[in-house]
Amino acid sequence: MDIVQAVIPALLKGAGITLQTAIQAGLLAILISVVVGVFRDVGGRSVHFVLTVYVEFFRGSSAFVQVYWVFFVLPLFGLRLSAILAGTLVLGLNAGAYGSEIMRGALRAVPPGQREACVALNLSQWSALTRILIPQALTRAIIPFGNLLIDLLKGTALLSSITVTELAFAGRQSASANGSPLIIFSLVLLIYLVLAAPIAWTTKLMDQRVRRKLNIGRAP
Amino acid sequence: MKQVRKEFGGHAVVKSMDLTVASGEKLVIIGPSGSGKTTILRLIMTLETPDNGYIEIDGELLGCAWDSGRITKNNNKNLRAVRSKVGMVFQHFNLFPHMSVLDNIMEAPTRSLRMSKEEARERAIGLLQRIDMVGKASSYPGQLSGGQQQRVAIARALAMRPSVMLFDEVTSALDPEKVGEILQTIRELAAEVNMAMVIVTHEMGFARNIADRVIFMDHGEIVESGPPDEVLGAPVHPRTTAFLKAILDR
Ligand SMILES: Nc1ncnc2c1ncn2[C@@H]1O[C@H](COP(=O)(O)OP(=O)(O)O)[C@@H](O)[C@H]1O
Ligand SMILES: [Mg+2]
């Protein structure tokens, strides 16, 4: 048990950085998801093109290389970001690319009758989107967005590759300093679980509440 | 509407339709399934654009404009201004499921007519009283029966005070015992407000009762048109006779 007491402070500090990065990157990702997901279908052709390039770039290339690129290559062009900021940006942009596809699918899943009702009530396209279509899409996207955030939380381990002492890296450091990899990495796993559980619970609860309120049945 | 034509995949669903609805007139359109009734309503509601011809509301062109003697498409400038005079009630209600009954009714007046919240709420409550549903103001559509939802949908469309209201088989998705209450609501409205109505229905008793004029459509064309007693009671065209007989035999 001494070993646990010895390493816990370092692990918790790492967990704090993991959590902070995940929250910031998560907010960025959700924002990007909604904006990109909506404007890929609603904006004009050039908007569609630019956003498609963004999505395909981040989905199609390795996040490891992206984070190296931002951290080691951008400085060559005079843009030097802190390791945490670089990691947060890459994580957010990455998850945003996936999330925008979730949002796009959810928008398309809103029944056509809803759009027709918006036309029949003479709502502007902006009102129709912001008041009717996006809110309904979001109610369908709660669970997938939750999964995205959990993936993002686990993905913060990526930052260890650019010297950020987040949870996974803190675990590795503690293990090489103290030995006992079994105990230390089990602790690390446990902490990841504890961090992820609230996301899963909260989104599940939100989803159930929304479904009950709207009376749209259980999740498929 | 003048010489309006609409094709889907090369097949003319509405063929050169000329149709005028007088202010306050109650027009009923009947006809077999697939004859183009819904398409006509959707054209008037701008949910479809005509391939030929044009539609005017109160003398203003809908979604198009005259350009040196020809009609140009997709003039969106006055589209919303003209469209605000048209309302529509759908077969499947299409209420907004994430909003309460009250918010469903208030949404368009506040957003589209830029009415104040208080005024819109007053108008919405007035309409809810008329359809006898004040008690359900804070319910969500998913908590209501089909008949209740359709009454709310009617109130929601009425809140915009359109000069013409379109009804597309508004009772055909309802349980038989709920049909009567909806038809009653529409009948009362028809008697109260001087609003033109274009009603697509298979309820012949209701059609006869409410209509100033009945049109029988088949294959995208008007086959017969006239007062309900003539078209429904003594049709001259064999296709009309056959259709009415088929409906009665059902
Ligand atoms: N969006 C569409 N795409 C292709 N075909 C359509 C579309 N809407 C209607 N149709 C076709 O047009 C015809 C007339 O349809 P509709 O106006 O709904 O008739 P009704 O309401 O009289 O039953 C039908 O054959 C239908 O299949
Ligand atoms: Mg129809």
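Labels below follow one simple rule: chain letters A, B, ... track the order of the sequence lines, proteins then strands, and each chain is numbered from 1.
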Rounded to the nearest 0.5 Å, the CZ atom of B:Arg187 sits from the CG atom of B:Leu189 at a distance of 11.5 Å

From A:Leu12 atom CG to A:Ile191 atom CD1, the distance as rounded to the nearest 0.5 Å
5.5 Å

Please classify the contact of B:Leu166 with chain A as side chain, backbone, both or neither, using a heavy-atom distance under 4.5 Å.
neither

Stepwise side-chain hydrogen bond (donor to acceptor under 3.5 Å, both in side chains) test for B:Arg80 and A:Ser124:
CA-CA 8 Å; B:Arg80 287 192 64 215; A:Ser124 67; 4.6 Å; no

So how far is it from A:Thr203 OG1 to A:Gln208 CD, rounded to the nearest 0.5 Å?
10.0 Å

Those residues of residues 106-134 of chain B that come under 4.5 Å of chain A on a heavy-atom basis, listed by number, are B:Glu107, B:Ala108, B:Arg111, B:Ser112

Go through the structure and list residues passing side chain to side chain donor-acceptor pair (under 3.5 Å) with B:Gln143, not counting sequence neighbours.
none

For B:Met45, is it the side chain, the backbone, both, or neither that has a heavy atom closer than 4.5 Å to a heavy atom of chain A?
both

Atom pair NZ (A:Lys154) and CG (A:Leu152), whose distance is rounded to the nearest 0.5 Å:
11.0 Å

Tell me, for A:Ser127 versus chain B, whether the close heavy atoms (under 4.5 Å) come from the side chain, the backbone, both or neither.
side chain

Partner of A:Gln24 by side-chain contact (heavy atoms from CB on, under 4.5 Å), out of A:Thr88, A:Leu85, A:Leu19
A:Thr88

Once you round to the nearest 0.5 Å, how far does CE of B:Met160 lie from CE of B:Met88?
15.0 Å

Tell me the closest heavy-atom pair linking A:Gln125 and A:Val42, and the distance in Å.
NE2-CG1, 3.9 Å

Solution key, residues 64-72 of chain A side-chain donor-acceptor pairs under 3.5 Å, sequence neighbours excluded:
| unit_1 | atom_1 | unit_2 | atom_2 | d |
| --- | --- | --- | --- | --- |
| A:Gln66 | OE1 | A:Asn94 | ND2 | 2.3 |
| A:Gln66 | NE2 | A:Ser61 | O | 3.0 |
| A:Gln66 | NE2 | A:Ser61 | OG | 2.7 |

Between A:Gln136, A:Arg131, A:Glu116, which has the largest tally of heavy atom pairs under 4.5 Å with chain B?
A:Arg131

Modelled atom types, side-chain donor and acceptor of B:Thr46 and B:Arg83, under 3.5 Å:
yes

Just checking, any donor-acceptor pair under 3.5 angstrom between side chains of A:Glu166 and A:Thr156?
no

Is it the side chain or the backbone of B:Arg156 that comes within 4.5 Å of chain A heavy atoms, both, or neither?
both

With only heavy atoms counted, which part of B:Phe96 is less than 4.5 Å from chain A, the side chain, the backbone, both or neither?
both

Check whether B:His92 gets within reach of chain A through its side chain, its backbone, both or neither, counting any heavy atom under 4.5 Å.
neither

Close contacts, residues 95-115 of chain A versus chain B, judged by heavy atoms under 4.5 Å:
A:Gly113, A:Gln114

Under the salt bridge (Lys or Arg N to Asp or Glu O under 4.0 Å) criterion, do B:Lys178 and B:Glu181 qualify, and how do the steps go?
CA-CA 6 Å; B:Lys178 296 286 167 57; B:Glu181 72 183 41; 5.8 Å; no

